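Structure first, then comments.
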There are 2 protein chains.
Amino acid sequence: MKMKVKVKNKSRLDDFNKYKSHKGLKTSQKRLSIIEYFLKEDRHFSVEELYYEVKKVYPKVSYSTVYRTLKLLADSGLARICSFGDGTTRFEPAHKAEHHDHLVCQRCGTIIEFKSTEIELLQKKIAQKHNFLVVLHKLELYGLCANCKKKARRH
Amino acid sequence: MKMKVKVKNKSRLDDFNKYKSHKGLKTSQKRLSIIEYFLKEDRHFSVEELYYEVKKVYPKVSYSTVYRTLKLLADSGLARICSFGDGTTRFEPAHKAEHHDHLVCQRCGTIIEFKSTEIELLQKKIAQKHNFLVVLHKLELYGLCANCKKKARRH
DNA sequence: TTGACTTTGACTTTCATTTTCATAATATAA
DNA sequence: TTATATTATGAAAATGAAAGTCAAAGTCAA
């Protein structure tokens, strides 16, 4: 299992290296650390979150570098930008081609991913009705996750 | 037809007045102008857009006032806040209780509203599966509207 | 009309994000 | 390996949208 994750991240790193040489970028240890951490963790990050977590492991990285690296990841296709209306941008690992949507807990911030081909089918129908060409879609359900719901019940 | 719109806006203004007295607000001509324009136009606005358009008719309004008035409208329930990921907040007229989703043209910015009870049903099912309590949802389809699609075809 | 309120416009502040620039690190050519 | 050219970095400044501040102007009930 762990092996599989490692292999996957390896191939994602390879993707980044392709992008890197295409763009004439250089390899810095700091940037690499950030990218590896992001790939290893494999979850949503705001710049701030990633900054503080990476800093624990590699204390010398700066905020700007995390910023720039996340943008690079987005440009290279390894990360996807998503915002949940709280004013900060989040980056999610882009598991190629596998589009998914989000359940966002308004209390604890937990993000759950889901996918529904049925919904996507209905979306297509709606677009057709309006003669609209859909390039991408965004579906977010906001509310309380199981945990917070339980807490809310006992006030 | 026009009559109907006017009547509707009248009743919306009444709603605002209820909110107004509830909150102990006062009536200023400028605020009223902004609200009337917003209701008359009955479409999505960013603060900037509304500011420039209202300014043409009532040149004395300031940016702050438009800003505050839109926030008031949102608070009073006459407007709903929505953001389409371009970094600026938009306000849409809230046609009470009627939740709807959006088709957003990435080229010309046109926003088409739609509603699908079927999709909402599926959303509910998904939430149930995750034991998640949905408070609100957001569904946006981004792409090209009919018009821009046509233009795109002939390069 | 007064006096107690709210609203306004101009301004400042905040905060996330982006850019700048001098210095450090990296890659490539010799 | 060393020189040189380029990119990356950190700290700081700049930006831009959103929110707050405050004196002056407006509103309105008594």
Side-chain angles (χ1 to χ4, degrees), chain A residues 13 16-38 44-55 57-76 79-91 109, chain B residues 13 16-38 44-52 54-55 57-76 79-92 109:
Chain A
L13 254 183
F16 183 78
N17 282 326
K18 257 182 235 158
Y19 173 82
K20 196 195 72 178
S21 33
H22 173 67
K23 285 275 183 179
L25 307 180
K26 296 184 176 175
T27 310
S28 84
Q29 196 47 56
K30 289 169 184 172
R31 184 186 284 166
L32 209 60
S33 308
I34 297 166
I35 294 179
E36 277 173 354
Y37 190 89
F38 179 77
H44 293 73
F45 279 105
S46 67
V47 178
E48 211 186 344
E49 283 160 8
L50 186 56
Y51 170 65
Y52 282 112
E53 295 197 23
V54 168
K55 212 169 168 52
V57 194
Y58 311 95
K60 291 200 167 182
V61 295
S62 75
Y63 207 85
S64 325
T65 300
V66 173
Y67 242 106
R68 286 187 275 228
T69 303
L70 276 173
K71 211 157 57 164
L72 275 182
L73 283 171
D75 287 348
S76 75
R80 206 175 273 134
I81 293 171
C82 50
S83 61
F84 298 124
D86 65 344
T88 67
T89 304
R90 270 155 223 285
F91 295 79
Chain B
L13 253 182
F16 183 77
N17 283 327
K18 254 182 236 158
Y19 173 81
K20 197 193 73 176
S21 33
H22 173 65
K23 285 277 183 177
L25 307 182
K26 296 185 175 172
T27 309
S28 85
Q29 195 47 56
K30 288 169 184 173
R31 184 187 281 166
L32 210 60
S33 307
I34 297 167
I35 294 180
E36 277 173 354
Y37 190 88
F38 180 76
H44 294 72
F45 279 104
S46 67
V47 178
E48 212 185 342
E49 281 161 9
L50 187 56
Y51 170 64
Y52 283 113
V54 168
K55 212 170 167 54
V57 195
Y58 311 95
K60 291 199 166 180
V61 296
S62 76
Y63 199 90
S64 325
T65 301
V66 173
Y67 198 88
R68 285 186 279 227
T69 302
L70 277 173
K71 216 158 51 167
L72 273 185
L73 283 171
D75 288 347
S76 75
R80 206 174 273 134
I81 292 170
C82 51
S83 60
F84 298 124
D86 64 345
T88 66
T89 304
R90 272 155 223 283
F91 295 79
E92 66 179 7

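All values derive from a computational prediction rather than experimental measurement. In the text below, chain A, chain B and the rest are named by the order of the sequence lines, each starting its count at 1.
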Does [X] place a side-chain N or O at less than 4.0 Å from the phosphate oxygens OP1/OP2 of [N]?
X       : N      : answer
B:Lys30 : D:dG26 : no
A:Ser62 : D:dT9  : no
B:Ser28 : C:dT8  : yes
A:Thr88 : C:dC15 : no

Q) Do side-chain atoms of A:Arg31 reach the backbone of A:Arg68 as a donor and acceptor pair under 3.5 angstrom? A) no

Looking at side-chain heavy atoms only, is the closest gap between [X] and [Y] below 4.5 Å?
X       : Y       : result
A:Val61 : A:Thr69 : no
B:Tyr58 : B:Gln29 : no
A:Leu73 : A:Ile35 : yes
A:Leu32 : A:Leu13 : yes

Q) Looking across every strand, which nucleic acid part, if any, lies under 4.0 Å from A:Arg31 by heavy atom: base, sugar-phosphate, or nothing? A) sugar-phosphate

Q: Name the nucleic acid region contacted by B:Tyr63, choosing base, sugar-phosphate or nothing; use a 4.0 angstrom heavy-atom cut-off, strictly under.
A: nothing

Selection from [options] that lies nearest to any side-chain heavy atom of [X]:
X       : options                : answer
A:Tyr67 : D:dA11, C:dT17, D:dT21 : C:dT17
A:Lys26 : C:dT7, C:dC5, D:dT6    : D:dT6
A:Thr65 : D:dT9, D:dC28, C:dA27  : D:dT9
A:Ser64 : C:dA10, D:dG10, D:dT7  : D:dG10
B:Lys71 : D:dG10, D:dC28, D:dA19 : D:dA19

Length of the [atom1]-[atom2] vector between [X] and [N], whole Å:
X       : N      : atom1 : atom2 : answer
A:Leu25 : C:dA25 : CG    : C1'   : 14 Å
B:Arg68 : C:dT8  : CZ    : P     : 7 Å
B:Gln29 : C:dG9  : CD    : C1'   : 17 Å
A:Asp86 : C:dC15 : CG    : P     : 14 Å

Q. Quick one: on DNA chain D, does A:Gly24 or B:Thr89 contact a more 5' nucleotide (nearest heavy atom)?
A. A:Gly24

Q.
Going by purine N1 to pyrimidine N3 plus the second Watson-Crick contact, or the G-U wobble pair, all under 3.5 Å, which nucleotide sits opposite D:dG16?
A. C:dC15

Q.
Taking pairing as Watson-Crick or G-U wobble with both contacts under 3.5 Å, can you name the mate of D:dA8, or confirm there isn't one?
A. C:dT23

